[in-house]
Amino acid sequence: MTDNKAASTGGAWDWGRATGVGSMPGGDAREAAKTVTGTFAEPGAGMPHLAELPARGPGADMIGRTAGMLVELYARVEPSGWRVGDRPGRDTRRAVSWLGEDLDALEEFTQGYEGPLKVQVVGPWTLAAALELRNGEAMVSDPGACRDLTGSLAEGLRAHLAQVRRRVPGARLVLQLDEPSLTAVLRGRIRTASQYRTHRAVDRQVVESALRDVMAVHDGPVVVHSCAPDVPFALLRRAGADGLSFDFSLLTERDDEVLGEAVEAGTKLFAGVVPGTEGPLSDPAGSVMGVRTLWRRLGLNPGLLADAVAVTPSCGLAGASPGYARTALAHCVRAARSLADNPE
């Protein structure tokens with residue numbers, strides 16, 4: 001934790017013990033907001049979040065949604081994906097409109113709410129890997145374009161957070177940066193437009209610096225989410241992440257040391273243990289059995305477990321049915337309660 005953030009939030013942060021990752025199924029913003037707030041808004045139950053509904057189409061997807069927040073950078077949909085353009089067009093207007101609809105729904109269902117509230121945006125490197133320059137190549141191929149993108153994202157994010165604060169004045173905001181492509185950026189695995197080659201790996205210090213610049217926009221806690229393998233946990237912590245969100249099933253024993261150090265330093269772990277796609281769920285205690293096993297392996301104090309770990313789905317729920325999404329989120333709350341009641 002950084003001192004200035006701790007001071008701005010009164011010292012300790014209430015993250016909640018369960019939350020969603022971000023995306024929800026369907027296209028009904030009010031129904032999604034009702035589900036998320038109804039599941040997590042009760043004191044001690046968890047942390048509600050601003051739902052994303054990518055099923056509505058381009059502009060509601062994670063890349064288009066964040067592209068719509070950029071300042072003095074515009075993007076439009078091409079057959080190959082999102083590409084930088086000269087002026088805001090239909091796709092940008094659609095992204096802004098859908099985000100406004102989601103904020104309207106959130107505001108409606110959080111009247112009088114006081115507690116943690118999570119908002120998600122795509123981080124600078126996943127955005128740079130997905131957005132195309134005018135020549136069709138990913139922005140990640142151009143260091144100058146990446147710097148411009150980072151600055152634009154920071155400005156747009158500042159305005160977005162201010163808008164959420166106005167709409168939900170009792171909320172203590174938690175910012176989530178979605179960075180599923182970060183490992184591929186660091187390892188030079190982002191493919192060129194021809195698909196025959198890959199772009200050069202970006203220097204780790206450059207990656208860390210850009211992440212730090214974006215995180216600095218928010219004076220509260222920041223969590224970074226990736227449901228990809230080999231999340232660079234140590235780099236994210238150095239960049240200033242206060243929380244790490246990941247697919248728990250993808251952890252390996254190579255991650256033990258850095259996660260143990262993270263917990264001891266006060267970093268919150270968002271453990272994705274509930275499947276994000278349709279399927280049978282185990283009992284709540286069974287869902288967090290792996291978390292308890294990790295804790296024993298790391299030799300950590302079981303008394304820390306309930307406060308150090310939040311339970312989440314393994315990734316977003318956009319591909320699930322509405323019924324399963326409701327069940328999965330409620331299961332996260334029950335699994336978190338099991339972890340708190342019986343940490344050993």
Side-chain angles (χ1 to χ4, degrees), residues 1-9 13 15 21-22 62 66 69-70 118-131 139-140 143-158 160-161 173-190 200-247 250-251 254-255 257-272 308 310 312:
M1 297 184 187
T2 57
D3 292 339
N4 62 321
K5 284 186 180 181
S8 70
T9 53
W13 295 325
W15 298 79
V21 171
M62 59 186 287
T66 302
M69 298 180 192
L70 297 176
K118 182 164 68 69
V119 296
Q120 309 83 219
V121 301
V122 177
W125 295 107
T126 295
L127 203 57
L131 287 179
M139 291 188 81
V140 75
C146 289
R147 286 192 295 271
D148 291 344
L149 179 63
T150 298
S152 175
L153 175 60
E155 286 303 307
L157 178 56
R158 184 176 284 110
H160 176 56
L161 292 170
L173 295 188
V174 174
L175 170 63
Q176 176 179 304
L177 296 181
D178 291 322
E179 281 284 13
S181 298
L182 181 59
T183 300
V185 168
L186 288 166
R187 297 184 178 180
R189 294 178 179 170
I190 303 299
R200 183 179 301 175
V202 180
D203 182 87
R204 297 180 78 87
Q205 290 186 333
V206 173
V207 168
E208 186 179 323
S209 176
L211 286 167
R212 186 179 295 111
D213 288 347
V214 174
M215 291 183 197
V217 168
H218 184 41
D219 62 2
V222 180
V223 54
V224 180
H225 169 75
S226 174
C227 48
D230 300 321
V231 179
F233 294 120
L235 182 151
L236 294 174
R237 287 191 59 224
R238 287 195 305 271
D242 306 294
L244 303 169
S245 175
F246 49 89
D247 181 341
L250 298 179
L251 290 182
R254 294 194 307 272
D255 299 310
E257 183 177 354
V258 69
L259 288 178
E261 291 174 352
V263 170
E264 290 177 341
T267 304
K268 183 85 167 184
L269 303 185
F270 290 73
T312 76

All disulfide bond (SG atoms under 2.5 Å apart) counterparts of Cys146, not counting sequence neighbours: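 Not a single residue meets the disulfide bond (SG atoms under 2.5 Å apart) criterion with Cys146.
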[X] and [Y]: which non-hydrogen atoms are nearest, and at how many Å?
| X | Y | answer |
| --- | --- | --- |
| Val185 | Val207 | CG1-CG2, 4.5 Å |
| Ala308 | Val263 | CB-CG1, 4.2 Å |
| Pro124 | Val214 | CG-CG2, 4.0 Å |
| Ser181 | Ala129 | CB-CB, 4.1 Å |
| Thr126 | Pro180 | OG1-N, 3.3 Å |

Roughly how far, to the nearest 0.5 Å, is the [atom2] atom of [Y] from the [atom1] atom of [X]?
| X | Y | atom1 | atom2 | answer |
| --- | --- | --- | --- | --- |
| Lys118 | His225 | NZ | NE2 | 8.5 Å |
| Asp219 | Arg158 | CG | CZ | 10.5 Å |
| Asp178 | Met62 | CG | CE | 4.5 Å |
| His160 | Leu153 | NE2 | CG | 10.5 Å |

With a 4.5 Å limit on heavy-atom distance, are the side chains of [X] and [Y] in contact?
| X | Y | value |
| --- | --- | --- |
| Asp242 | Trp15 | yes |
| Val202 | Leu186 | no |
| Leu157 | His218 | no |

Partner residues of Arg187 under the side chain to side chain donor-acceptor pair (under 3.5 Å) criterion, sequence neighbours left out: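 Side chain to side chain donor-acceptor pair (under 3.5 Å) check on Arg187 returns Asp230.
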Donor-acceptor under 3.5 Å (Thr66 side chain, Val121 main chain):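 Not confirmed, Thr66 side chain does not pair with Val121 backbone.
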Whether Lys268 side chain and Ser245 backbone form a donor-acceptor pair below 3.5 Å: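 Answer holds: no.
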Derivation of the side chain to side chain contact (heavy atoms under 4.5 Å, CB included) call for Asp148 and Met139: CA-CA 10 Å; Asp148 291 344; Met139 291 188 81; 5.9 Å; no
Glu261 atom CD: more than 12 heavy-atom contacts under 6.0 Å: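 Enclosed.
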Enclosure of Arg147 CZ (heavy-atom neighbours >12, cutoff 6.0 Å):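 Count not over threshold, so no.
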